[in-house]
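Accompanying notes for the structure given below.
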Amino acid sequence: MEMEQLVALCKRRGFLFQSSEIYGGINGFWDYGPLGVELKRNVREAWWHEMVTGHNELVAPPGAPSAYQMTGLECTIIMHPQVWKCSGHYDLFHDYMVDCRASKRRYRHDQVQGRWVKYGDQQVFVATELLGDEAVAETEARALKFFKLRNKDAGKLSWEGDVVSLTTIDDFSQVLGPDVKDLGTLTAPREFNLMFKTYIGALAGEEGAAFLRPETAQGMFVNFKNVCDSSRVKIPFGIAQIGKSFRNEITPRNFTFRSREFEQMEMEFFCHPDQSRAWYQYWRDRRYQWYLDLGLTSERLQMRDHDANELSHYSCGTADIEYGFPFLPPGEFGELEGVAHRGDFDLRSHMEGKLVRQGDELVVQKDEHDKPKYRGSGKDLTFFDDQTRERYVPHVIEPAAGADRATLAFLCEAYQVDQVPDAKGVPRERLYLRLHPRLAPMKAAVLPLVSKEGMPEVAQRVYSDLKREFNIFYDEKGAIGRRYARQDEAGTPLCITVDGQTLADDTVTFRDRDTLRQWRVKIDDCAVELSARIRAGLEQPAES
RNA sequence: GCGGGUGUAGCUCAAUGGUAGAGCAUCGGCUUCCCAAGCCGAGUACGAGGGUUCGAUUCCCUUCACCCGCUCCA
């Protein structure tokens, strides 16, 4: 399947539109259309039911170390700016960047360094991305080249001071960029904010600066104490949240896969440090199973454990659940969800202040006055176990999923083409969405076979009856084959057809989207049959 | 952010420095007892802004969006 075909289907049938399309669109933002909104709602609902409302805290699920509690939360998009300073997002997402006009490369302002060197009456700053001894050797070699000197003339260069950061320099006209032969090719440092910035209050000033959240997770951490104090939860327990997050991606691309406004489904699971590994394993496997259960059964879905050197500074283990999206080169996968063992990094950061790794330890990062670079809340976020009399900072397992990415993966997986004989028996190509019935925007369509002989009236009664309980669709326009085809493209798993026999014996025809199988059901049994079919899910694994 | 490519109807594609066309889809009507049939009718487009020109969808510039490659990707 080509991505363009899926994009065309999404537009044609009303799953996804470009945001603000009549004004030419806006890069990195997407709207869900009439069918898309139902699909995404179902994805969210499936996740929330799986994690929160459907969870039974009385029994340990298969594979879980113990029973556990689960609760939900909904936090604001704008939070106290200190949240992002302590979480590390401010420093990480808030860089000054320098572009090179000649090499076309971009550097982080604070990650370029170099040395001042003088030869004759010319003084030049030789810049490099290398560090330490490598930086010394690199700057020397490039200085010789720049002044067109031989290696034996190295003594003619007079170096001034040690390797220093580019941030110490105001005027870049005498700077030799890391990958070029000429001076002054670097642009002035420009603020490159991966977090969306806004201003609180009518008067815009830096003291009112705030950020749209780049992840929902911090809301759970800063509310950890509130949840403990108000809901009688005991460790182990989880807090789940679904909500919008925002990142100023440099290159939004690949349809909704990398959007600047996106929705996350995140859960923070708090447990005793000694049990954290077992819980990590549990959530890693459980979350993978969720995608399988909802129909991502092809080899396009995979779980990938991160290598040690790929782990975030705070993480003791991370696995990505990935999907081989059609817009990626063969063999490459895109992240749907990350399941991370975050240790006690987050709660401690909000207690003590922003942490950095020092050897095997996490310590509070200090500024030049040896004070905490970003102060924490100072609030006690430890947990006291009144059975064991133990007080500790819980460890956290975080399954963080992208709702839009999951929705896109379900659409990609569902996209199917097969051959179906038309009215004359000639095979004709059919496009349909093989969505899991729980995810399908419409659960069924009610169709009178022809619009006469009282069939529409009967069909409307069937429709009105089922509509109270199910999201279904009524259609009496056009030939029956055309109406089936429309529902196939919308991913509707079942069609309920009122025909001549209905008028005789009060039965209707059920028609299955994937197999085209038909069977008869009493009108009074339609709701039961529909429920059973939705619960049963997909019958066969997807081909191709 | 850089380089290359592409923007014409809901979709897929034509043509043209001088009134923009098709297929499919959509809507209305007729017909139709099971998979986009048939007949009649209808609506809808040159991404945006500027320039050259008597006249620009066409040529030029700018911009926006999408695709490919680089860069980036908690």
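Within every chain, numbering begins at 1; the chains are lettered A, B, ... in the order of the sequence lines, protein sequences first and strands thereafter.
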Going by purine N1 to pyrimidine N3 plus the second Watson-Crick contact, or the G-U wobble pair, all under 3.5 Å, which nucleotide sits opposite B:A48? B:U62
Give the rounded distance in Å between these two atoms: NZ of A:Lys11 and C1' of B:A65. 12 Å
As a test of reading the structure: which of B:C67, B:A36, B:U32 is closest to the side chain of A:Arg13, going by heavy atoms? B:A36
Could you please name the option among B:C11, B:C35, B:U32 that lies closest to any side-chain atom of A:Val450? B:U32
State the pairing partner of B:C2; accept Watson-Crick or G-U wobble contacts with both distances under 3.5 Å, and report none otherwise. B:G69
Would you say A:Arg253 reaches B:C67's phosphate, i.e. side-chain N/O to OP1/OP2 under 4.0 Å? no
A:Thr256 and A:Asp404: side chain donor to acceptor below 3.5 Å: no
B:G1 and B:A25: how far apart are their P atoms, nearest whole angstrom? 42 Å
Shortest non-hydrogen contact between A:Glu476 and A:Pro448, atoms and distance: CB-CG, 3.5 Å
Checking only heavy atoms, does the side chain of A:Arg511 share a donor-acceptor pair with the base of B:C35 at less than 3.5 Å? yes
Quick one: look up who B:G28 pairs with, Watson-Crick or G-U, both distances under 3.5 Å, and put none if it's unpaired. B:C40
Test: A:Arg44 cationic atom under 6.0 Å from A:Trp47 six-membered ring centre, within 45° of axis: no
A:Glu453 (side chain) and B:C33 (base): donor-acceptor pair under 3.5 Å: yes
Find which nucleotide of RNA chain B each of A:Glu266 and A:Tyr23 is nearest to by heavy atoms, and output the residue with the more 5' nucleotide. A:Tyr23
Per the ring pair (Phe, Tyr, Trp, His ring centres under 6.0 Å) rule, which among A:Phe262, A:Phe257, A:Phe255, A:Phe15 passes with A:Trp30? A:Phe255
Check the distance between B:C27's C1' and A:Arg486's CZ and give it to me in whole angstrom. 11 Å
Under 3.5 Å for both donor-acceptor distances, Watson-Crick or wobble: does B:G18 have a partner, and if so which one? B:C54
What nucleotide among B:U12, B:A37, B:C34 has an atom nearest to a side-chain atom of A:Asp499? B:C34
Hey, is the side chain of A:Asn27 poking within less than 4.0 Å of OP1 or OP2 on B:C64, counting only N and O atoms? no
Can you classify the ring geometry of A:Phe325 versus A:Tyr323 as parallel (below 30°), tilted (30 to 60°) or perpendicular (above 60°)? perpendicular
Do A:Gln18 and B:C66 have a side chain to base donor-acceptor pair shorter than 3.5 Å? no
